[in-house]
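As structure tokens, the structure follows; a few thoughts come after it.
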Amino acid sequence: TALADARSAIVDGRPVDAERILEQLQSGYSQSYLPFADITLQLHDGLRLQERRLSLADATHRTLADGPGGSVTQDTFISAVDGVLVHRLSSGSPVSVTIAVSTPLRETGRTNRRNGVVLELKLPADVAPGHEPDEPALQWEIDGVGPLEGTLCLAARHDGSTAQNDDGATVFTAVTELLLVVATGTTFTAIGREPEGSAATCAEAAHRCAYTAIEKGWDALLADHIRAHRELFDRVSVTLTPGPDALPDREHVPTDMRLEQANAHPAGVLTADPALVALLFDYGRYLLIASSRPGSLPATLQGIWNEDLRPPWSSNYTLNINAQMNYWGAEVTGLSECHEPLLELTEALAERGRDTAATLYGARGWTAHHNSDAWAFSSPTAGQASWSQWPLAGAWLIRQLDEMRRFGSATPEQLERLWNLAVGAAEFACDWLIDDGGVHLNTRPSTSPENCYLSAQGRAAVATSSAMDRTLITELFETVLALADAVGQPHHPIVAEVQAALPRIAPPAVGADGRILEWGAQEEEAEPSHRHLSHLFFAYPGNGPTPELADALTLSLDRRGDDSTGWSLIWKACLRARLKQAEKVGALLRLMFRPAAEANGPHAGGLYANLFAAHPPFQLDGNLGFVGALAEVLVQSHAEIIELLPALPAELASGSVRGLIARPGIAVDLHWENGVIREAALTPRRAAAAGEYLVQLGDRSESVTLAFGRRTVLTDLDSPNTTSIPIKGKASLTS
């Protein structure tokens with residue numbers, strides 16, 4: 001078979017030959033996350049935009065415009081409660097508004113109504129990624145591929161008159177109040193499932209949704225939307241206090257100017273405007289809430305903010321870092337609900353991936369590779385082995401989702417679902433491991449996504465037992481054992497298999513040059529500054545570096561270099577935080593906060609004017625990963641110790657945080673001045689999280705007993721004083 005031949009070629013020192021053989025296992029590409037439709041509002045009478053504002057706390061967008069007849073205010077939000085887009089225009093004097101509805105997809109029908117429009121459309125059957133130039137960009141019909149159809153319904157309520165122009169657009173005249181509600185529907189039913197229904201059934205559902213919402217009215221729609229958003233967003237708050245060298249009055253400066261001015265400050269962007277750090281943290285939480293709620297798809301590479309029919313990397317799920325990084329900040333900021341779509345994607349991958357494991361590898365359980373989509377694509381994509389030939393996406397997904405258990409937020413039902421997924425992933429891993437007759441079990445072929453080394457045959461990616469493989473399987477097996485205890489399955493057959501295999505997996509190793517070995521043997525890197533840090537997974541997001549490996553980890557990061565693409569900067573910041581290297585964290589954050597236009601090189605990150613993180617191009621993982629990175633700077637709990645301010649850069653010397661979560665479910669509030677904690681409060685979120693904990697600040701630690709229903713406050717931490725205060729009413733994650 002191809003797999004056996006490739007393994008033999010690797011053993012014989014012919015990795016390039018092995019990669020050619022493995023191309024037989026590859027299977028096309030995953031599909032794209034596409035834009036749906038455009039709604040354009042054109043206002044007449046010489047209006048000029050004065051202000052554009054996004055409220056993170058309310059998840060509402062506002063524009064203010066002035067004209068000869070007075071000002072016009074427009075407010076927009078997307079309601080998760082009612083499943084609609086809501087837009088309101090208010091004018092001090094009557095104005096004319098032209099509304100045009102269009103789609104980059106294939107329009108199959110349109111019904112114009114006096115106060116609205118229904119648009120029916122068809123989605124492509126196939127969209128080839130940009131790195132497949134020989135494939136047709138879009139194909140609308142393919143034999144054997146069922147049609148995917150959709151509908152948009154726009155409903156309007158206003159106090160003016162209505163007409164249709166020659167282009168089919170709707171014109172509202174003499175309007176002072178205009179309310180628009182937009183609902184959509186498609187024949188897509190769930191992740192990994194076949195489409196069901198038709199454009200007609202979608203139209204009926206969208207029409208009902210839109211007109212139910214518009215009858216509800218602006219005030220009720222807005223109140224319900226803000227309440228639902230704040231229930232999530234208000235769980236955490238971070239304040240970073242400007243120092244004496246900071247620029248004054250930053251709050252009302254436009255964001256693009258604020259970023260530019262802070263970067264121009266001679267003391268650096270963090271000193272000039274430390275509140276920008278808190279703003280980007282809040283922005284990341286807002287973006288996660290907006291792009292990954294129960295009932296939705298998980299956040300893609302661009303979240304839900306893709307405007308291209310052929311987007312970068314298909315705007316789908318890259319599972320060798322990017323999709324998981326999107327959720328690094330979920331549990332630590334109390335947003336466990338946002339993990340639910342990722343759990344559903346993993347369940348769909350497990351279902352599809354069983355056939356992939358059996359067909360390609362003759363293995364039990366399930367597997368997935370580096371790339372997937374809403375249809376749960378699980379096969380190796382066509383392309384370079386450095387990213388295609390990596391069958392351990394399931395192990396990383398399980399490790400990320402297990403944070404729900406580790407932070408104490410998983411329900412019993414979620415634990416059962418996670419257990420079932422982990423069993424299948426572990427079965428595959430057990431079959432993937434090879435016993436060569438030595439002390440250790442190996443993986444072959446093995447890659448370190450997406451890096452390459454220089455072999456005797458030239459640039460190569462496949463090898464034996466990369467550090468990434470060993471760490472992922474080790475942590476997967478440890479997760480299986482922990483989940484077996486959590487769900488009462490200590491005698492499940494997989495437990496014995498895992499217990500037998502786990503001691504035979506080699507831990508991270510140090511090479512002759514003092515760095516962490518990336519592959520199973522010492523190899524010369526093709527790109528010493530490569531953006532991926534797969535071999536350092538054990539330190540973050542894994543269980544953390546041991547003291548014995550701290551020097552090798554530091555040297556590995558030093559040799560890799562600081563500057564990189566946005567998400568790589570974030571991963572490096574998390575790793576430096578785990579090493580307690582506050583100065584290096586600060587240097588990486590300064591790179592993150594530079595204007596993207598000033599970054600040099602094809603893989604140099606930064607921020608765009610709207611604070612989207614640059615890969616480049618834009619990828620959301622930098623924004624969402626930043627939430628986890630700042631949390632790691634403020635509180636760490638991976639080593640069964642609650643560490644306070646373990647990696648605080650000097651520029652963030654004063655501030656406060658409320659509501660961060662430490663494992664196994666402890667709400668943490670902090671207030672610090674000039675790098676010194678003045679007060680820390682710890683509150684168990686559930687009864688099982690109560691108990692005795694070691695709380696560490698620098699080199700000093702304090703044993704603290706935490707009781708459920710009580711908020712334990714530590715003050716005067718130079719000479720710790722502990723007070724336990726009962727929480728009034730029902731215990732909650734914030735007191």
Side-chain angles (χ1 to χ4, degrees), residues 33 35-36 38-41 48-65 73-78 85 87 229 233 238 240 247 250-265 269-270 272-292 299-308 311-313 315 322 325-326 329 565-570 589-599 603-630:
Y33 181 85
F36 195 74
D38 295 311
I39 300 171
T40 305
L41 275 70
R48 187 174 58 180
L49 181 66
Q50 297 295 324
E51 183 177 341
R52 184 166 176 257
R53 179 190 309 160
L54 173 67
S55 169
L56 301 180
D58 293 344
T60 57
H61 176 262
R62 166 169 286 189
T63 64
L64 299 173
T73 301
Q74 297 186 76
D75 295 288
T76 314
F77 62 87
I78 309 291
L85 178 151
H87 183 87
H229 176 73
F233 188 82
V238 171
L240 295 171
L247 294 169
R250 296 290 87 196
E251 185 177 350
H252 299 293
V253 177
T255 305
D256 55 345
M257 293 177 57
R258 184 175 173 182
L259 187 65
E260 182 179 343
Q261 292 170 2
N263 275 279
H265 194 283
V269 59
L270 302 185
D273 194 353
L276 270 175
V277 177
L279 178 62
L280 196 65
F281 177 83
D282 285 345
Y283 194 37
R285 294 188 303 118
Y286 159 83
L287 293 170
L288 180 59
I289 293 168
S291 60
S292 188
T300 74
L301 272 175
Q302 282 78 31
I304 53 176
W305 294 275
N306 166 49
E307 63 180 359
D308 300 318
W313 303 287
S315 190
N322 312 94
M325 180 182 280
N326 283 349
T565 189
W567 61 262
S568 184
L569 292 175
I570 293 302
L589 294 186
R590 287 192 290 275
L591 290 172
M592 182 70 179
F593 275 86
R594 66 190 160 176
E598 297 179 7
H603 295 298
L607 297 176
Y608 295 111
N610 66 350
L611 299 189
F612 272 166
H615 174 70
F618 156 60
Q619 282 186 193
L620 197 70
D621 40 33
N623 290 99
L624 301 188
F626 180 82
V627 177
L630 184 61

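FYI, side chains are in, hydrogens and waters are out, and symmetry mates aren't considered; it's all heavy atoms of this structure. When a residue number appears, it is its place in the shown sequence, counting from 1.
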List the steps, then state whether side chain to side chain contact (heavy atoms under 4.5 Å, CB included) holds for Leu270 with Arg590.
CA-CA 7 Å; Leu270 302 185; Arg590 287 192 290 275; 3.9 Å; yes

Would you say the side-chain atoms of Tyr33 pair up with the backbone N or O of Leu301, donor to acceptor, closer than 3.5 Å?
no

Can you give me the closest heavy-atom contact between Leu280 and Leu611, atom names plus distance?
CD1-O, 3.8 Å

Testing the basics here: between Val253 and Arg258, what is the closest heavy-atom pair and its distance to 0.1 Å?
CG1-N, 3.7 Å

If you look at every heavy atom in Ile304 and Ala290, which pair is closest and at what distance?
CD1-O, 3.5 Å

So how far is it from Phe77 CZ to Ser55 OG, rounded to the nearest 0.5 Å?
12.5 Å

Nearest 0.5 Å please: distance from the CZ atom of Phe626 over to the CG atom of Leu589.
5.5 Å

Using 0.5 Å steps for rounding, measure from the CG atom of Leu624 to the OH atom of Tyr283.
10.5 Å

Output for pair (Gln50 CD, Thr73 OG1), nearest 0.5 Å, gives 11.5 Å

List for me each residue that meets side chain to side chain contact (heavy atoms under 4.5 Å, CB included) alongside Glu307, sequence neighbours excluded, and say none if there are none.
none

When every non-hydrogen atom of Asp75 is compared with those of Arg62, the smallest separation belongs to OD1-NE, 2.6 Å

Not counting sequence neighbours, which residues clear side chain to side chain contact (heavy atoms under 4.5 Å, CB included) with Thr63? List them please.
Leu49, Arg52, His61, Gln74

Please verify the inter-ring angle class for Phe612 with Phe618; under 30° counts as parallel, over 60° as perpendicular, anything in between as tilted.
parallel

With a cut-off of 6.0 Å (strictly less than), are more than 12 heavy atoms of other residues, nucleotides or ligands near CD of Glu260?
no

Test log, rule side chain to side chain contact (heavy atoms under 4.5 Å, CB included), inputs Tyr286 and Leu54:
CA-CA 11 Å; Tyr286 159 83; Leu54 173 67; 3.6 Å; yes

Keeping the roles fixed (side chain from Arg285, backbone from Asp282), state whether a donor-acceptor pair exists under 3.5 Å.
no

Is there a side-chain contact between Pro35 and Asn306 in this structure, where contact means two heavy atoms from C-beta onward sitting under 4.5 Å apart?
yes

Intermediate values then yes/no, side chain to side chain contact (heavy atoms under 4.5 Å, CB included), Leu41 and His87:
CA-CA 11 Å; Leu41 275 70; His87 183 87; 3.5 Å; yes

Ser292 side-chain N/O to Leu288 backbone N/O, donor-acceptor pair under 3.5 Å:
no

Taking only residues two or more places apart in sequence or in another chain, which ones pass side chain to side chain contact (heavy atoms under 4.5 Å, CB included) with Pro595?
Asn263, Glu598

What are the two closest heavy atoms between Leu247 and Gln261, and how far apart are they?
CD1-O, 3.9 Å

Nearest 0.5 Å, what's the CZ-CG distance between Phe593 and Asp273?
9.0 Å

Between Trp313 and Pro616, what is the shortest heavy-atom contact and its length?
CH2-O, 4.2 Å

Judged by atom type as modelled, is there a donor-acceptor pair below 3.5 Å linking the side chain of Asn326 to the main-chain atoms of Ala299?
yes

Side chain Asn623, main chain Ala613, donor-acceptor under 3.5 Å
yes

Evaluate the side-chain proximity of Pro312 to Gln619: yes if any heavy-atom separation is below 4.5 Å, no if none is.
no

Leu56 side, atom CG; Leu279 side, atom CG - distance, nearest 0.5 Å
6.0 Å

